[in-house]
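Notes for the one structure printed next.
For clarity, every value in this text was computed on a predicted model and none was experimentally measured. We number each residue from 1, following the sequence as shown.
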Amino acid sequence: MKKILCSVLLVYGVLVLSQENAKNDTVEKTGMAEIQEVILKARHKKQFADKAVYTFDEKALEKARFAKDLLQTLPELQIDPINNTLKSTKGGTTLFLINGIEATDMQMRSVTPSEVVKVEYYDIPPARWATRADVVVNLITRSVETGYVFGTDVSTALSTGFVNGTAYAGLTKGKNNFGLEYSINLRDYDNRKVNSIYDYLLDGSHYRTDENKTDHFGYTSQNIALRYTRMVPDQYAFQAKLDMAILTSFNKGTGQSIFTKDDLTEEHAMLKNGSSDYATPTLDLYFSKNTSEKDEFSINIVGSSFKTNTAELAKEWVVSSGAPVFDNDMNLETMQTGIVGELAHTHTFQAGKLASGYRVSNTSISNDLQNLAGFSAYSVNYLEQYFYTEFSGKLRKFSYRIGAGLTNIHNKSAENTFDQWSFTPKVILGYQLKDNQSLRLTSSYRPVSPWSAALSSNIVQMAPNIVQRGNPFLKSQQIFANNFIYSLNNKYFDFNANVFYRYTDRTINQYYVSDENFGYALTYENARNSQQLGVQLSGSYKPFGSSLLVAKLYLAPATETIRTSSGALIKNNYLANNFVLSSEYKSFSLQYQLNIPVYTLNGAFLTTNENQNHVFASYKKKEWTLTAGMYWIGMPSEYKTKSLPESLVDYSRVNRIMNNRSMFILGFSYDFSKGKNTDLQKKLNNSTAPTATF
C-alpha cells in the first residue's frame, strides 16, 4: 500500500514539474485549458489527442430543428429510432453533456441550433468520466439573460403497443434557470416466440428439454426531472436537480416442452409470470467556485433511496398426469440507498491544465428474499473510492494527457468481504502528421467491480434440473486497454482506423457447474483472463461534400478469447458492423439503418446483438415536424444465444418479438424557443448505482 501511495505522489510531482518546464513549448499566448488542437483543412473539425471538436456552418444550422439534429451529423453518432435517442455507431455507453452538465435527450432538444458554439466529441473520455462512459459528447452553447423553451414529441406504432413521448419546458430569468421534463416509453407486446433447448448428461442419463413458449410482456418507463440553476459568471455556479424514475414491467408466458430422459419422452406444460416495479427519487447537488483566474473547485453530491419489488412464478407439470415437475415462486424486495460524492480541482497553467479529484460511491442493499432455498434476509454493501490526477499539454507536434489514479473497491456481503487497492495509470499521446491527419496512442489500466446480480446469492429455476445463481465470492476484473488510432478528415471523409488490444485479468465469466441439490447451476467465476484484438474502421463519407447524401460505416473484425479457471481456452472471431445511409434536402430528411448481427462471447454463451433494418423520414414546417417510419422491415427483432462446446449444458435460445415485424410508426414534434437558457459549466457528473435485480 505504501508503495502505491508513493508512486501516486511521485507521478503527481512529476506532472507538476513538467507543466512548469513546458511553458516555452506553448503554441497560444492566451494559455491552454485543454490539449492543443490539430487544425484541419476542413473548417468544421479540429482534432485533439483525446477528442474532436466540431463546428457548423450557417447552412447546417438553418436545416436543424434543434441541437440534437446537429449531433446526429457527427460521423460516429446515429439516431436510435426505437427509443428516439442518440447513440454511438460503435456501441457502448455514450454520455451527453451541455456545457459540462450531464444532459438528457430533451435538454439537447431545448437548445436551438443558432446557440450552438461547438461540440466536443471525446472518444477517449477524461478521468472524471472514464469509468462511466465509452464516449462523451459535450455541447457548448451561448447564453443570454432571458428566454424560454418548450416542446413535445410523440411517436406510436399503429398495430401494437409501442409509444415514445416527451415534454419539456425551461425558463431563464437573470442568473436563474428553471427546467421541467417528462418522458414515457411504453411497450406492450403479446406475441413473443421463444424456443429454448437444454441438453446434458446427469447421473449417467441423457436429458433434453425442448421448450416452445409464447410471451405477453411489456413495460412502462417514466422519468420526471425538475432543475434549478443559479450562475454568477466568473464567480460561482449552483445547480439542484430532483429526478424521479418510475418503472413497471410484466411478463406472462405459457408454453409446452418435450422432456426426454434417455428413451423416455414426456409432454410438459409450463407457465412463467413475472413483474418488477420501482420508483427512484434522486437528488443531485452541484457547486463550483472560481477562487482565481486559474483555479476552480467543484463539488457534486448525488443521493437516492428506493424500494424494488421483483416477483417470478414459474411452473412446469406433466400434461398426462398433472404431476408437478417444479414450482418456483420467487419474491424479492430490496431497499437500496446510494450516495456519490466528488471533489475536484483544476489549475490552468500556460502550458496546460492539471485536474485532480476524489470520488467516493457507496451502495447499500437490504434484501428480503423468498425462493427455492426458503426465506432469507441479507444485506450487501458496495464501496468504491477513486483518487485521480491528470495533466494535459503540448510539446511541439506532440500533444499528451498523462494521468494517475488510485482505486479502492470494497464489497461486503453476508458470505464474503472483498477489498482491493489498484493503481490506475492512463497515457494518451497524439502526433500531427498533416493538417488533416493525426496519430494517437492510448493506454490505460483500471478495475471493474462485479455487478449486483453476479454477486447475488439468489436462486432461480430455469428448467428441470437447471437453476441460476450468483457468486458472492467474485473479485473485481482488471482491464488493460490499448488503442492506436489514425484519423483523416476532409470535405468528403471523416474517418478513424483504430487497432485495439484489451487484456482483462480475473474476467468475470458465467458458466455451468454441477449442483448436488438441483443438477446444474448457471453461476459466475473469475476466469484467469480474457483478450480482445481487432481493428475498428468508423466514420462517414459525403460523396457530394454535403448532407445531401451521407454514408456512415462501422466495421470491426476482431478475435476474442477467454482462459477459464480450469485452463480451457475459448475463442471466437466476429465482424461487428453497422451501416447508416441518410439524405437531407430542404425540409425533408430520410434515413436507413442496417446491420448483420454477429455472435460475441458473453460468459458461458455466444449471443447476438439486436438486428436492425429500419427506415424513417421526416418533414419540417416551422416549429412542427412530422415523422414516419418502418422498423425491422420484413423481420421481427431477434435475439439468439447458444452455449460453447466446453459447457456442461448444451443450451440454445431463439427469441423473436413478432409484434414489431415491419412495424409502422407515425409521430410529430413541436419545439418553440425564445432567448436561451443560462448555461452552467459543470465539471462533475455522477449517478448512483442502477437498481439491483436478478
Side-chain angles (χ1 to χ4, degrees), residues 78-87 89 91 153-165 184-197 210-221 248-257 270-274 552 554 574-583 589-600 602 605-618 626-642 651-668:
Q78 70 178 70
I79 195 74
D80 177 5
I82 310 306
N83 298 305
N84 195 25
T85 56
L86 286 167
K87 65 178 183 179
T89 58
D153 187 308
V154 178
S155 60
T156 181
L158 301 184
S159 58
T160 190
F162 180 97
V163 177
N164 291 329
I184 182 171
N185 299 98
L186 182 147
R187 304 291 185 268
D188 191 342
Y189 296 132
D190 61 4
N191 190 13
R192 176 172 64 172
K193 305 291 186 182
V194 183
N195 173 250
S196 302
I197 297 175
D210 190 341
E211 300 178 353
N212 285 284
K213 186 171 57 176
T214 300
D215 282 350
H216 178 198
F217 80 101
Y219 64 85
T220 301
S221 174
T248 59
S249 64
F250 70 90
N251 175 62
K252 298 178 181 179
T254 59
Q256 300 79 37
S257 72
M270 67 182 71
L271 72 83
K272 186 173 183 180
N273 298 336
K552 295 183 181 181
Y554 170 69
Y574 64 90
L575 177 61
N577 60 91
N578 189 62
F579 176 72
V580 180
L581 188 66
S582 64
S583 176
S589 66
L590 179 68
Q591 189 166 137
Y592 174 69
Q593 298 180 0
L594 175 70
N595 74 353
I596 300 174
V598 295
Y599 281 101
T600 55
N602 185 10
F605 310 104
L606 290 167
T607 60
T608 60
N609 53 316
E610 184 179 77
N611 55 314
Q612 63 181 38
N613 186 26
H614 316 313
V615 62
F616 48 98
S618 65
L626 302 178
T627 60
M630 182 173 288
Y631 305 157
W632 291 289
I633 302 172
M635 63 180 72
S637 59
E638 185 177 66
Y639 315 88
K640 295 181 179 180
T641 301
K642 62 181 180 181
Y651 171 76
S652 65
R653 174 186 171 100
V654 179
N655 178 351
R656 295 184 177 94
I657 303 177
M658 307 307 294
N659 297 86
N660 55 29
R661 176 189 175 105
S662 300
M663 185 170 62
F664 186 67
I665 301 291
L666 285 177
F668 74 91

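In this structure, the side chains of M270 and S257 come closer than 4.5 Å at one or more pairs of heavy atoms. Side-chain contact check for N251 versus D215: some heavy-atom pair is nearer than 4.5 Å.
Residue-environment remark: CD1 (I596) stays at or below the threshold of 12 foreign heavy atoms within 6.0 Å. No more than 12 heavy-atom neighbours from other residues, nucleotides or ligands sit within 6.0 angstrom of NZ on K252.
The distance from atom NZ of K193 to atom CD1 of I657, rounded to the nearest 0.5 Å, is 13.0 Å. We find the OG1-OH distance between T607 and Y599 to be 9.0 Å, quoted to the nearest 0.5 Å. Separating the OH atom in Y592 from the CD atom in Q612 is a distance of 9.0 Å, to the nearest 0.5 Å. The OG1 atom of T160 sits 6.0 Å away from atom CG of D190, with the distance rounded to the nearest 0.5 Å. In this structure, NZ in K552 is found 7.5 Å from CD in Q78, a value given to the nearest 0.5 Å. Interatomic distance, CE of M658 versus CE of M663, reported as 13.5 Å (0.5 Å rounding).
A pairwise comparison of heavy atoms in S662 and G634 identifies OG-N, 2.8 Å as the closest pair. For D188 against H216, the heavy-atom pair with the smallest separation is OD1-NE2, 2.6 Å. Nearest heavy-atom pair, N164 versus P81, reported as atom, atom and distance to 0.1 Å: ND2-O, 4.4 Å. In this structure, L590 and A617 approach most closely via the heavy-atom pair CD1-CB, 3.8 Å. The minimum heavy-atom distance between T214 and N191, with the atom names listed, is CG2-OD1, 4.2 Å. The two residues T627 and S618 come nearest to each other via the heavy atoms CG2-CB, 3.7 Å.
At distances below 3.5 Å, at least one donor-acceptor pair connects side-chain atoms of N613 with backbone N or O atoms of I633. T641 contributes no side-chain N or O that, together with a main-chain N or O of R653, makes up a donor-acceptor pair within less than 3.5 Å. N660 contributes a side-chain N or O that, together with a main-chain N or O of S637, makes up a donor-acceptor pair within less than 3.5 Å. Between the side chain of T254 and the backbone N or O of L271 there is no donor-acceptor pair closer than 3.5 Å.
With sequence neighbours excluded, the residues forming a side-chain contact (heavy atoms from CB on, under 4.5 Å) with D80 are I82, N83, T85, K87, listed by chain and number. With sequence neighbours left out, N577 forms a side chain to side chain donor-acceptor pair (under 3.5 Å) with no residue at all.
Under the 3.5 Å distance criterion, with hydrogens and angles disregarded, no donor-acceptor pair is assigned to the side chains of T89 and N578. For the 3.5 Å distance criterion, the side chains of N611 and Y639 fail to qualify, holding no donor opposite an acceptor. Under the 3.5 Å distance criterion, with hydrogens and angles disregarded, a donor-acceptor pair is assigned to the side chains of N212 and N195.
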Quiz item: Hey, mind stepping through Y554 and V580 against side chain to side chain contact (heavy atoms under 4.5 Å, CB included) and telling me if it holds?
Solution: CA-CA 9 Å; Y554 170 69; V580 180; over 6 Å; no
Self-check item: Verdict with supporting geometry, Q591 and Q593, side chain to side chain contact (heavy atoms under 4.5 Å, CB included)
Solution: CA-CA 7 Å; Q591 189 166 137; Q593 298 180 0; 2.9 Å; yes
Quiz prompt | Steps toward side chain to side chain contact (heavy atoms under 4.5 Å, CB included) verdict (F664, S159) | solution = CA-CA 8 Å; F664 186 67; S159 58; over 6 Å; no
Practice problem: Output, in order, the C-alpha distance, side-chain angles, deciding distance and verdict of side chain to side chain contact (heavy atoms under 4.5 Å, CB included) for R661 and W632. | Solution: CA-CA 6 Å; R661 176 189 175 105; W632 291 289; 5.8 Å; no
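F162 carries R187 over the face of its six-membered ring, with the cationic atom under 6.0 Å from the centre and within 45° of the normal.
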